[in-house]
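Let me begin by presenting the structure, written as structure tokens, before commenting on it.
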Amino acid sequence: MKPLPRRFYARDAVVVARALLGMHLCMRQPQGVVVGRIVETEAYQGPDDLAAHSAGGRRTARTEVMYGGAGHAYVYLIYGMWNCLNIVTAAAGTPHAVLLRALEPVSGFDAPCWGPGLLCRALGIDRRHNGVDLCAASPDGGVLWLEAPGEPRPLRTGRSARIGVDYAGDWARRPWRFFDRGSPYVSTVSAAARRRALSVP
DNA sequence: ATTTGGATCGGT
DNA sequence: CCGATCCAAATT
């Protein structure tokens with residue numbers, strides 16, 4: 001295990017969001033390590049970005065981890081039933097984060113992971129993981145980390161406006177969502193198209 | 001103390 | 001479009 005170094009995360013969220021495509025999200029579990037390839041992300045840039053939980057410098061118990069420095073997990077509950085996993089980026093005090101929106105299973109699991117809520121459900125991520133250090137490199141290793149894939153795959157990067165942030169005015173139109181074009185695991189792929197792409201003949 | 005609505009998802 | 005399901009944040 002060689003976690004991405006903290007300097008990877010200590011950059012603008014938009015830069016990191018794009019750079020995370022194709023990286024592996026890894027989680028240590030009782031049964032072993034589970035790995036998924038990141039195929040969809042979104043950048044949030046508080047305090048300016050009105051779509052961010054840290055908009056206007058909002059600083060509460062929930063958003064506190066966004067101010068604590070790059071390379072930590074920000075996990076929150078949404079709609080009463082879904083957890084969402086973010087990666088804190090930029091300098092400490094600058095509340096940027098990248099929402100991980102979809103994975104492609106690589107090893108250790110095979111559960112639906114197309115969309116931020118399903119991603120967390122598939123890996124068993126919840127608010128207990130809020131604040132975990134993704135750069136922990138003790139001999140034992142951390143619970144959750146990201147690393148570069150052994151052999152990089154070609155990537156066609158697409159971008160679009162972010163999903164579900166219509167309340168944010170002009171900020172909602174910024175193309176801060178990044179995804180792997182052609183991955184059937186991207187969240188907005190229709191159920192029918194996904195079935196077609198994943199069906200084994 | 002009470003209200004409101006959300007960085008979702010699957011089914012209709 | 002709708003409902004599930006609950007908590008954070010804003011408001012009274």
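Everything quoted here is computed from the prediction, not taken from an experiment.
Atom OH in A:Tyr44 sits about 12 Å away from atom C1' in B:dG6, given to the nearest Å. In this structure, the CG atom of A:Asn83 is 12 Å from the P atom of B:dC9, given to the nearest Å. Distance, A:Arg162 CZ to B:dT8 P: 12 Å, rounded to whole Å. The nearest whole Å value for the distance from the CG atom in A:Asp166 to the C1' atom in B:dG5 is 14 Å. One can place CZ of A:Arg58 at 12 Å from C1' of B:dA7, the figure rounded to the nearest angstrom. Between the P atom of C:dA8 and the CD atom of A:Glu64 lies a distance of 15 Å, rounded to the nearest Å. Atom P of nucleotide B:dA7 and atom CG of A:Leu118 are separated by 17 Å, given to the nearest angstrom. If you measure from atom CZ of A:Arg195 to atom C1' of B:dG11, you get 12 Å, rounded to the nearest angstrom.
Residue A:Arg62 places at least one side-chain N or O closer than 4.0 Å to OP1 or OP2 of C:dA9. Residue A:Arg101 has a polar side-chain atom (N or O) positioned under 4.0 Å from OP1 or OP2 of B:dT8.
For A:Trp82, whose side chain is taken as the heavy atoms from C-beta onward, the closest listed nucleotide among C:dA10, B:dT8, B:dA7 is B:dT8. Here the nucleotide nearest the side chain of A:Thr63, chosen from B:dA7, C:dA9, C:dA4, is C:dA9. Distance from the side chain of A:Tyr167 is smallest to B:dG6 among B:dC9, C:dA9, B:dG6. Taking the side chain of A:Ile163 as heavy atoms from C-beta on, and the options B:dA7, C:dC6, B:dT8, the nearest nucleotide is B:dT8. Closest to the side chain of A:Pro116, out of C:dA9, B:dC9, C:dC7, is B:dC9.
Nearest-nucleotide positions on DNA chain C for A:Tyr79 and A:Arg127 put A:Tyr79 closer to the 5' end.
Using a 4.0 Å heavy-atom criterion, one finds that A:Gly117 contacts the sugar-phosphate atoms exclusively. Note on A:Leu77: only backbone sugar-phosphate atoms sit closer than 4.0 angstrom, heavy atoms only; bases stay farther off. Using a 4.0 Å heavy-atom distance criterion, A:Thr60 is classed as a sugar-phosphate-only contact.
Under the Watson-Crick and G-U wobble criteria, each requiring two contacts below 3.5 Å, nucleotide B:dA7 is left unpaired. The pairing partner recorded for C:dT5 is none, the criterion being a Watson-Crick or G-U wobble arrangement whose two distances lie under 3.5 angstrom.
The two residues A:Thr89 and A:Asp12 come nearest to each other via the heavy atoms OG1-C, 4.0 Å. Closest heavy-atom contact between A:Gly115 and A:Ala102: N-CB, 3.9 Å.
The backbone N or O of A:Val39 lies less than 3.5 Å from no partner atom in the side chain of A:Ser183, so there is not a single donor-acceptor pair. Panel note: side chain A:Tyr167, backbone A:Ala51; a donor-acceptor pair is recorded below 3.5 Å.
Hydrophobic clustering, with ILVMFWY side chains joined whenever heavy atoms are under 4.5 angstrom apart, groups A:Leu4 together with A:Leu85.
Of the P atoms belonging to B:dT12 and C:dT5, the separation is 16 Å, rounded to the nearest Å.
For the salt bridge (charged side-chain N to carboxylate O under 4.0 Å, His left out) with A:Asp49, the qualifying choice from A:Arg174, A:Arg162, A:Arg173 is A:Arg162, the only one to do so.
The base of C:dA8 does not come close enough to the side chain of A:Tyr76 for any donor and acceptor atom to sit less than 3.5 Å apart.
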